2 protein chains.
Amino acid sequence: MEDIDRQIVRLLARDGRMSWTDLGRATGLSTSAAQQRVRRLEQRGVLTGYAAVVDAEAVGLPLTAFISLTPIDPSAPDDAPERLAGLPEVEACHSVAGQESYILKVRVASPGALESLLATIRARAGVSTRTTIVLSTPYEARPPEV
Amino acid sequence: MEDIDRQIVRLLARDGRMSWTDLGRATGLSTSAAQQRVRRLEQRGVLTGYAAVVDAEAVGLPLTAFISLTPIDPSAPDDAPERLAGLPEVEACHSVAGQESYILKVRVASPGALESLLATIRARAGVSTRTTIVLSTPYEARPPEV
DNA sequence: GATGAAACGGATGAGCA
DNA sequence: TGCTCATCCGTTTCATC
């Protein structure tokens, strides 16, 4: 990837609403050249979308946790991600190497909500769970150094 | 929070570059009313920014891992987050309850890069590490159900 | 990749409920 | 306080070189 493209990715990762004009100014390109670069980066799948960053606490989800999943029946088909995709509390699902099969990141309103979410996860996916509660988050979702 | 604000947050979480005009159309508001709502949500800290979503693989960081940290000297001041903030590979740092003190999420180019990153982390923060490598990510950074 | 023109969206202030 | 409307200016988009 070219250096200008790296710059564009870095700038848009920090301010996703930046105008193509400002992007051009920052990279020494005309507005339309900057826009073309962005379109190409989108088409190549480098930029997959734009999102507002939402403060989970401010929207009533102050409790974050990581939940590791272990299938109870190792011979059963492993479709935990699909079975859990419908739960809005589940922000991320990673398949991992190691003792456990998956790591989920979840956001809930309260310990009680976490308790019932865990019950739902166990029932739906046929897994046992190990939960690690997040106390604070010094930083999160920092843009990658491209 | 009002229902219209919830709608706005949900829409902007899915498309952070949506125009205020479209946002107004989707919520039954005028352009400037929608814009005012967004400004207020920003000021109240509900919306903390806008970011392009970058495909880590596409920018040469195909390897994701979670690293749990345990301080070697429990009596030493615990400033691991600050000590590691300068490492661009570290995307997130959470302080957690449980056996370990912190969970990091990191993105690197290769197993070799992970190896040297681990050495750096241990040296800089005075911790022992436990690494869980991500094999695949069925989903990630799904917007919260506000 | 740059330029220029037309269409569009964003910002702002006045007026109103 | 929060909305609409009108207006101005910057931005986006597209054709063209």
Side-chain angles (χ1 to χ4, degrees), chain A residues 1-62 88 107 109 140-146, chain B residues 1-61 140-146:
Chain A
M1 191 163 53
E2 257 183 276
D3 190 56
I4 287 193
D5 286 332
R6 306 188 108 78
Q7 269 189 273
I8 288 176
V9 169
R10 201 176 318 129
L11 289 163
L12 283 177
R14 270 162 236 282
D15 179 6
R17 283 190 79 93
M18 202 173 182
S19 75
W20 309 147
T21 304
D22 286 345
L23 210 51
R25 274 198 272 269
T27 54
L29 257 50
S30 70
T31 301
S32 45
Q35 187 194 18
Q36 272 184 50
R37 294 265 190 169
V38 173
R39 291 276 164 269
R40 259 178 256 135
L41 288 166
E42 287 170 354
Q43 281 165 9
R44 285 167 44 200
V46 178
L47 299 175
T48 60
Y50 303 87
V53 183
V54 180
D55 184 322
E57 265 195 62
V59 296
L61 299 169
R107 305 241 193 219
E140 187 178 14
R142 299 199 314 171
E145 187 69 17
V146 291
Chain B
M1 191 163 53
E2 255 184 278
D3 189 57
I4 286 192
D5 286 331
R6 306 188 108 77
Q7 268 188 274
I8 288 176
V9 170
R10 202 176 318 129
L11 288 163
L12 283 177
R14 270 162 238 278
D15 179 6
R17 282 192 81 95
M18 201 172 181
S19 75
W20 309 147
T21 304
D22 286 346
L23 210 52
R25 273 197 272 269
T27 54
L29 257 50
S30 69
T31 301
S32 42
Q35 187 194 17
Q36 277 183 45
R37 293 266 189 169
V38 173
R39 290 277 165 271
R40 259 176 256 136
L41 288 166
E42 288 170 355
Q43 281 167 8
R44 285 165 44 198
V46 178
L47 299 176
T48 59
Y50 303 88
V53 183
V54 180
D55 185 323
E57 266 194 63
V59 296
L61 300 169
E140 188 177 14
R142 301 199 311 171
E145 186 70 18
V146 292

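In the text below, chain A, chain B and the rest are named by the order of the sequence lines, each starting its count at 1. These numbers come from a predicted model, not from an experiment.
- R17(A) is linked by a side-chain hydrogen bond (donor to acceptor under 3.5 Å, both in side chains) to nothing, counting only residues two or more places apart in sequence or in another chain.
- Nucleotides of DNA chain D lying under 4.0 Å from heavy atoms of chain A occupy a range whose first and last members, 5' to 3', are dT11(D) to dC14(D).
- Between the CD atom of Q7(A) and the CG atom of L29(A) there is a distance of 9.0 Å, given to the nearest 0.5 Å.
- Distance check: T27(B) OG1 to D5(B) CG gives 9.5 Å after rounding to the nearest 0.5 Å.
- Residues A13(B) and A51(A) share a closest heavy-atom pair of O-CB, 3.4 Å.
- Take E42(B) and apply the side-chain hydrogen bond (donor to acceptor under 3.5 Å, both in side chains) test, not counting sequence neighbours, and it matches R39(B), Y50(B).
- Remark: D3(A) does not engage R6(A) in a salt bridge, criterion side-chain N to carboxylate O under 4.0 Å.
- The CG atom of L41(A) sits 10.0 Å away from the CD atom of E2(A) when rounded to the nearest 0.5 Å.
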Going 5' to 3' through nucleotides 9-15 of chain C and flagging B where a protein heavy-atom sits under 4.0 Å of the base, S where only the sugar-phosphate is that close, and - otherwise, we get SSBB---
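- Overall, the helix from dG1(C)-dC17(D) to dA17(C)-dT1(D) carries an axis bend of 30° between its ends, with five pairs at each end and the value rounded to 10°.
- In this structure, T48(B) contributes its side chain and V53(A) its backbone to a donor-acceptor pair below 3.5 Å.
- Rounding to the nearest 0.5 Å gives a distance of 7.5 Å between CE of M18(B) and CG of L12(B).
- Qualifying side-chain hydrogen bond (donor to acceptor under 3.5 Å, both in side chains) partners for R14(B), counting only residues two or more places apart in sequence or in other chains: none.
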